[in-house]
Protein chains: 2
Amino acid sequence: MNYAAFRQKIHISREDICLNIYAQNREKFRIKKEKTVVKNLGKIFTAALKISNEKGFQAMSMRNFSKETGLSIGALYSYFSSKDELLEMIQRQGRLMVKRLLDDHILALEDPLDRLRKAICIHIYLSEALQPWFYFSYMEAKNMNRAEKEKALASELATDLIFADIIRQGQSSGTFLPRDPQLTAGLIKAILQDWYLKRWKHAKRKISVDQYARFVLECVEAMILPCPALAGIRK
Amino acid sequence: MNYAAFRQKIHISREDICLNIYAQNREKFRIKKEKTVVKNLGKIFTAALKISNEKGFQAMSMRNFSKETGLSIGALYSYFSSKDELLEMIQRQGRLMVKRLLDDHILALEDPLDRLRKAICIHIYLSEALQPWFYFSYMEAKNMNRAEKEKALASELATDLIFADIIRQGQSSGTFLPRDPQLTAGLIKAILQDWYLKRWKHAKRKISVDQYARFVLECVEAMILPCPALAGIRK
DNA sequence: GTCTATATACGGATAGAC
DNA sequence: GTCTATCCGTATATAGAC
């Protein structure tokens with residue numbers, strides 16, 4: 001599967017996301033007309049992620065934010081009661097989308113190597129489709145309050161666990177080399193995160209997401225399978 | 001070489017660092033008595049890195065900072081003229097230490113595999129010894145002004161280049177597999193950065209820096225050499 | 001629903017006593 | 001060399017007109 005196919009299949013657009021946020025938080029908005037809310041949520045989340053990812057969430061002042069959205073400060077406060085609540089909404093929505101999409105796609109397969117490949121691909125493609133969300137979560141985590149921070153860490157550990165489990169499965173069946181599964185999972189994750197954390201670098205070098213995914217798969221397989229040559233033979 | 005040996009050899013302590021900062025910025029400090037300056041610089045840099053790495057440099061207020069250092073706000077401004085200058089000093093000192101230590105250690109060797117191993121080890125050990133500095137540079141880069149940001153990016157690319165060059169050298173001599181050197185370098189770097197970025201995770205799992213370095217070497221060699229078995233034979 | 005004007009608090013930075 | 005008190009700008013958030 002390449003990225004284009006992924007996008008066709010999974011259906012993530014700004015419109016979809018905003019509809020979703022609206023459905024989740026309906027009672028929190030002072031404004032009640034769905035059409036208005038959805039339209040403005042689009043501006044709000046796009047601007048919030050843009051400014052935050054350029055210079056940090058704290059450094060985004062409301063004046064700043066107001067100018068970027070084209071809405072007045074007063075209007076903005078009809079959609080959240082404080083900057084903190086906005087941050088919480090961003091985080092919740094991010095987690096929700098990732099969980100929904102990640103769980104569905106990986107659990108279907110049986111063979112550990114197929115699962116590993118799929119997990120890697122999905123993760124990279126998902127982080128491409130939701131790059132601003134992933135970047136935000138990563139960079140802002142340490143600035144959040146206790147509760148939010150803990151959720152972010154839990155989420156990090158959960159992803160590690162998915163990979164560690166696949167690796168253990170592969171080791172049990174004798175397909176994978178017996179290297180520490182937890183460390184291996186962490187290492188794979190670091191590589192995956194690099195895609196959305198160093199976007200400017202990859203853009204500069206004109207690396208496409210498909211190239212990156214292909215490259216990562218090749219390297220991870222070399223690391224995890226007894227001998228590179230076998231990878232070709234097995235499938 | 002293990003981490004303990006590294007520390008013995010390279011000589012990085014808070015005291016050393018502060019003496020160094022003092023020597024570099026002598027004219028900037030309103031206070032002139034070396035002993036006083038060095039003592040307070042210790043408090044200042046320790047506190048600045050601690051608070052910043054917990055909740056961000058911007059979120060560190062001067063009142064905050066004053067309490068952590070035990071110095072009054074007025075006294076603090078005897079050592080820098082603005083928060084921005086403080087940030088700049090932190091960054092400059094960080095770059096200086098890294099450059100000095102990194103260059104020295106890697107250039108000596110000839111064999112590409114030895115060089116690669118050495119570069120990986122040194123980078124991990126150095127980022128352990130200077131963890132707060134590395135973490136700060138990584139997480140704060142996007143919040144800096146243009147000039148500082150550019151220096152940070154240049155530094156990122158420079159490290160990539162060191163690895164890419166070693167890899168090209170190894171490919172020329174036929175030792176390494178012919179995988180894209182730039183992508184490979186980036187991937188290795190992502191793995192190295194994970195050590196200082198996810199410190200809490202590794203601490204929780206009780207992974208020592210020596211274990212991590214050993215593990216990374218093993219994985220990178222599996223990825224880069226024609227066949228894992230050959231690694232043992234070659235050396 | 002959206003705007004402008006404003007209340008209120010907190011930020012960085014400085015002056016001047018000690 | 002260090003401290004306290006204070007200036008002044010800018011931040012978030014709200015009130016009330018339109």
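Reminder, nothing fancy here: chain letters follow the sequence lines and each chain counts from 1.
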#### Entry: Between NZ on residue A/Lys206 and NE2 on residue A/His202, distance to nearest 0.5 Å
14.0 Å
## Note on the structure
Among the nucleotides D/dC3, C/dA13, D/dT12, whichever has the atom closest to the side chain of B/Ser82 is C/dA13
### Euclidean distance, atom NZ of residue A/Lys83 to atom C1' of C/dG11 [Å, nearest integer]
13 Å
### Query
Once you round it to whole Å, what is the distance between P of C/dG11 and CE of A/Met62?
18 Å
### Message
How many whole angstroms separate atom CG of B/Asn64 from atom P of C/dG11?
### Response
8 Å
### Task
Using a strict cut-off of less than 4.0 Å between a Lys/Arg side-chain nitrogen and an Asp/Glu carboxylate oxygen, indicate whether A/Lys142 and B/Glu54 qualify as a salt bridge.
no
### Query
Counting any heavy atom closer than 4.0 Å, what does A/Tyr79 reach on the DNA or RNA strands: base, sugar-phosphate only, or nothing?
sugar-phosphate
### Task
Check the distance between C/dG12's P and B/Ile51's CD1 and give it to me in whole angstrom.
11 Å
#### Entry: Closest to the A/Ile73 side chain, choosing from D/dG1, D/dT14, D/dT10
D/dT14
### Cation-pi, A/Phe57 ring and A/Lys83 (6.0 angstrom, 45 degrees)
yes
### 5' precedence on DNA chain D between B/Lys32 and B/Gly74 (nearest-nucleotide basis)
B/Lys32
### Query
To the nearest Å, how far apart are B/Leu41 CG and D/dG1 C1'?
14 Å
### Task
Mind calculating the distance between CD (B/Gln58) and P (D/dA11) to the nearest angstrom?
11 Å
### Task
Find the distance B/Lys67:NZ to C/dG12:P and express it as a whole number of Å.
14 Å
### Query
Between B/Arg30 and D/dG1, is there a side-chain N or O to OP1/OP2 distance below 4.0 Å?
no
## Note on the structure
B/Ser78 has its side chain closest, among D/dT2, D/dT10, C/dG1, to D/dT2
### Task
Rounded to the nearest angstrom, tell me the gap between atom CG in A/Asn40 and atom P in C/dG1.
10 Å
### Message
Under 4.0 Å, counting only non-hydrogen atoms across every strand here, what does A/Ser72 touch: a base, just sugar-phosphate, or nothing?
### Response
base
### Message
Can you tell whether the side chains of B/Glu128 and B/Arg7 come within less than 4.0 Å, N to carboxylate O?
### Response
no
### A/Tyr196 and A/Phe134 aromatic ring geometry - parallel, tilted or perpendicular at 30°/60° bounds
perpendicular
### Message
Of the options D/dG1, D/dC3, C/dG12, whose atoms approach the side-chain atoms of B/Thr36 most closely?
### Response
D/dG1
#### Entry: A/Tyr77 side-chain N/O to D/dT14 phosphate OP1/OP2 under 4.0 Å
no
